[in-house]
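Input: a single structure, listed below in structure tokens.
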Amino acid sequence: MKIAVVGTGYVGLVTGTCLAETGNDVICVDINADKVKMMQNGKMPIYEPGLDLLFNRNIDQNRLQFTTNLAEAIEEAKIIFLALPTPPGGDGSADLSYVLGAAKDIGKLIKEYKVIVTKSTVPVGTADKVRTALGAETSVEFDVVSNPEFLREGVAVEDFMKPDRVVIGTMSERARKLMGELYAPYVRQGNPIIYMDERSSELTKYAANSFLATKITFMNEVANMCELVGADVDMVRRGIGSDERIGRRFLFPGVGYGGSCFPKDVQALVKSADEHKYDFKILNSVIEVNETQKKVLFEKVKKFYKDDLKGKKFALWGLAFKPETDDIREAPALYIIDELTKAGATVVAFDPEAMANVRNVIGNSISYAADHYSALHGADALLIVTEWSLFRTPDFDQVGSLLKTKTIFDGRNLYDLSKMEECGFYYNSIGRKVVKN
């Protein structure tokens, strides 16, 4: 099947590449000429494990192409995916200008029946707006489908190729048949394609992300409570996660959620509720708690040094909002860095993938190390913010010898408390007892 994907951000590039992998002819279109040229030359603009193999294979086999020409991209396409940014506006609502602008442009160009699919995360009612924007520009028959993505950064290829479920929002039997044919190779193991109306599909994505954000936030609250009463959040997590009604995933406490989805999707659902005069109390609390949690590690550092951080030097491991990605959008590390530098401290950071992105945002206000051990030289303490596998089993003798004092503040609970005690570290983590050297 011939497919067009409008937008080559994270979602668009993964979608286009994975659709090409099952034999479809895919043209991805983007207005950024430099980015398109880079991809035409076989260079990926994002880091996502496993994507580069599929990307290059499908380019080599002429199933995956890139262009800046929208008319060329959609001319023969049966299905057109809109994978465009929907950034939060000043009031928290999703900005649909890119999506609706593309819909108008497509409406001016189509000459035969097409299925236009909103792949971006969009508020309830967006399909109707896309339909109106298209209809204002053409008399050609078309259908608009809502097909939200459920991709986790770091495992997005697996999520697309072997999805838990595929959600398709459409009331058109013609569009339903085409979308079913497209996704059939991905659900051969029996995972469902769930058909519903467009509005239910749009809300499904926001509801899913908001529920997961709520689950993370709840565990962060439990962790904070554990510290007050002397309980161990790891024991509590295991105790409740064994209940199949709760499950084990998304129960790890830390320094708050970040990334491109949870913060803006929770905010957008709250804003959508406000527009319908509904007070979404739980999600308002989730937003408030998460903002506080992003600075909880800084507060621990500040308390330890009795509110005097001026002249202190800190090593920081992890800048991406989660491991296996270079995405720093709403990353807790950025909030912690901001607080440390405002307090007069210096920071030397290391991240396997995200340092270039951080440098583009905050420049040289901090230093960047060549590796995780280099960051430790002469630092007063180590702060762990992202749980990269690289950080899980360091040489603690080397860590202790490089630091000025054997002090670790761990925002991801990577290390066993007894191990830290044995190695003679001061070790302050989330929701567990403090190990004092």
Side-chain angles (χ1 to χ4, degrees), residues 9-12 14-15 18 81-88 92-94 96 99 117-127 145-170 179 183 186-187 191-220 241 243-252 254 256-274 276 278 280-287 289-290 321-322 325 327 329-330:
Y10 181 84
V11 172
V14 172
T15 297
C18 291
F81 283 90
L82 303 183
L84 294 156
T86 54
S93 61
L96 295 177
V99 171
V117 181
T118 55
K119 197 67 175 170
S120 311
T121 301
V122 294
V124 175
T126 298
V145 171
S146 169
N147 173 219
E149 53 85 15
F150 299 98
L151 304 177
R152 296 168 295 160
E153 294 189 43
V155 287
V157 172
E158 182 178 353
D159 283 348
F160 197 101
M161 301 301 291
K162 298 177 181 178
D164 291 332
R165 78 290 199 197
V166 175
V167 172
I168 296 175
T170 181
M179 295 297 291
Y183 277 110
Y186 304 95
V187 294
N191 291 339
I193 298 179
I194 304 171
Y195 295 98
M196 58 184 74
D197 63 276
E198 297 92 332
R199 286 177 173 249
S200 296
S201 172
E202 290 163 343
L203 186 54
T204 294
K205 175 58 188 287
Y206 275 126
N209 278 356
S210 295
F211 182 83
L212 295 175
T214 301
K215 197 172 180 182
I216 292 168
T217 303
F218 176 78
M219 279 312 296
N220 284 334
D243 187 328
E244 64 181 16
R245 296 170 301 175
I246 296 172
R248 294 178 173 84
R249 298 177 64 185
F250 289 87
L251 292 182
F252 289 87
Y257 60 76
S260 62
C261 294
F262 287 4
K264 77 176 182 67
D265 290 356
V266 173
Q267 193 176 41
L269 185 50
V270 167
K271 179 60 180 174
S272 183
D274 288 344
H276 289 84
Y278 180 73
F280 217 134
K281 295 182 178 66
I282 289 177
L283 294 189
N284 277 308
S285 295
V286 166
I287 293 169
V289 171
N290 193 60
F321 87 93
K322 62 179 283 189
T325 181
D327 194 342
R329 285 172 287 185
E330 294 295 320

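Within the 3.5 Å criterion, the main-chain N or O of Ser210 finds a donor-acceptor partner in the side chain of Thr214. In this structure, the side chain of Asn284 engages the main chain of Phe280 through a donor-acceptor pair within 3.5 Å. With Ser200 contributing its side chain and Met196 its backbone, the two residues share no donor-acceptor pair below 3.5 Å. Within the 3.5 Å criterion, the main-chain N or O of Glu149 finds a donor-acceptor partner in the side chain of Lys205. Not a single donor-acceptor pair under 3.5 Å links the side chain of Ser120 to the backbone N or O of Pro85.
Checked by atom type, the side-chain pair Tyr186/Asn191 shows no donor-acceptor distance below 3.5 Å. Side-chain atoms of Lys119 and Thr15 form no donor-acceptor pair, as typed in the model, at a separation below 3.5 Å.
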**Request:** Report the C-alpha distance between Leu96 and Val122 in whole Å, list the side-chain angles of each, state the deciding distance to 0.1 Å, and finish with yes or no for side-chain contact (heavy atoms from CB on, under 4.5 Å).
**Result:** CA-CA 8 Å; Leu96 295 177; Val122 294; 3.9 Å; yes

**Asked** Under the side-chain contact (heavy atoms from CB on, under 4.5 Å) criterion, do Val289 and Phe218 qualify, and how do the steps go?
**Response** CA-CA 9 Å; Val289 171; Phe218 176 78; over 6 Å; no

**Message:** What verdict does the salt bridge (charged side-chain N to carboxylate O under 4.0 Å, His left out) test give for Lys264 and Glu330, after you've listed the backbone C-alpha separation in whole Å, the side-chain angles of each residue and the deciding distance to 0.1 Å?
**Reply:** CA-CA 9 Å; Lys264 77 176 182 67; Glu330 294 295 320; over 6 Å; no

**Request:** Begin from the C-alpha positions of Thr118 and Asn147 and carry the test side-chain contact (heavy atoms from CB on, under 4.5 Å) through to its verdict.
**Result:** CA-CA 6 Å; Thr118 55; Asn147 173 219; over 6 Å; no

**Asked** Hey, mind stepping through Met179 and Val145 against side-chain contact (heavy atoms from CB on, under 4.5 Å) and telling me if it holds?
**Response** CA-CA 9 Å; Met179 295 297 291; Val145 171; 4.3 Å; yes

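Leu203 CG to Ser272 OG: the interatomic distance, rounded to the nearest 0.5 Å, is 7.5 Å. In this structure, CD1 in Ile168 is found 8.5 Å from OG1 in Thr170, a value given to the nearest 0.5 Å. Rounded to the nearest 0.5 angstrom, Leu269 CG and Ser93 OG are separated by 12.5 Å. In this structure, OG in Ser201 is found 12.0 Å from OH in Tyr206, a value given to the nearest 0.5 Å.
Here the closest heavy-atom approach between residue Lys215 and residue Leu251 is recorded as CE-CD2, 3.7 Å. In this structure, Glu202 and Ala127 approach most closely via the heavy-atom pair OE2-N, 2.7 Å. In terms of heavy-atom proximity, Gly241 sits nearest to Arg248 at O-CG, 3.4 Å. For the pair Pro263 and Gly258, the tightest heavy-atom approach, listed with the atom from each and the gap, is CD-O, 3.5 Å. Closest approach of Gly256 and Asn290 over heavy atoms only: CA-OD1, 3.2 Å.
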Kindly list each side-chain donor-acceptor pair under 3.5 angstrom involving residues 152-160, sequence neighbours excluded, with atom names and distances?
unit_1	atom_1	unit_2	atom_2	d
Arg152	NE	Asp159	OD1	3.4
Arg152	NE	Asp159	OD2	2.9
Arg152	NH2	Asp159	OD1	2.7
Glu153	OE1	Thr325	OG1	2.8
Glu153	OE2	Ser260	OG	3.3
Asp159	OD2	Arg152	N	2.8

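The neighbour count for Ile282 CD1, taken as heavy atoms of other residues, nucleotides or ligands under 6.0 Å away, does not exceed 12. For Phe211, the CZ atom is loosely surrounded, since the number of other residues' heavy atoms within 6.0 Å does not exceed 12.
Leu82 has its side chain out of reach of Val117: every pair of non-hydrogen atoms, C-beta onward, lies at least 4.5 Å apart.
For the pair Arg199 and Asp197, the salt-bridge criterion is not met [side-chain N within less than 4.0 Å of a carboxylate O].
In terms of the side-chain contact (heavy atoms from CB on, under 4.5 Å) criterion, residue partners of Ile216 (sequence neighbours excluded) are, by chain and number, Asn220, Phe250, Tyr257, Phe262. For Phe150, there are no ring pair (Phe, Tyr, Trp, His ring centres under 6.0 Å) partners at least two apart in sequence or on another chain.
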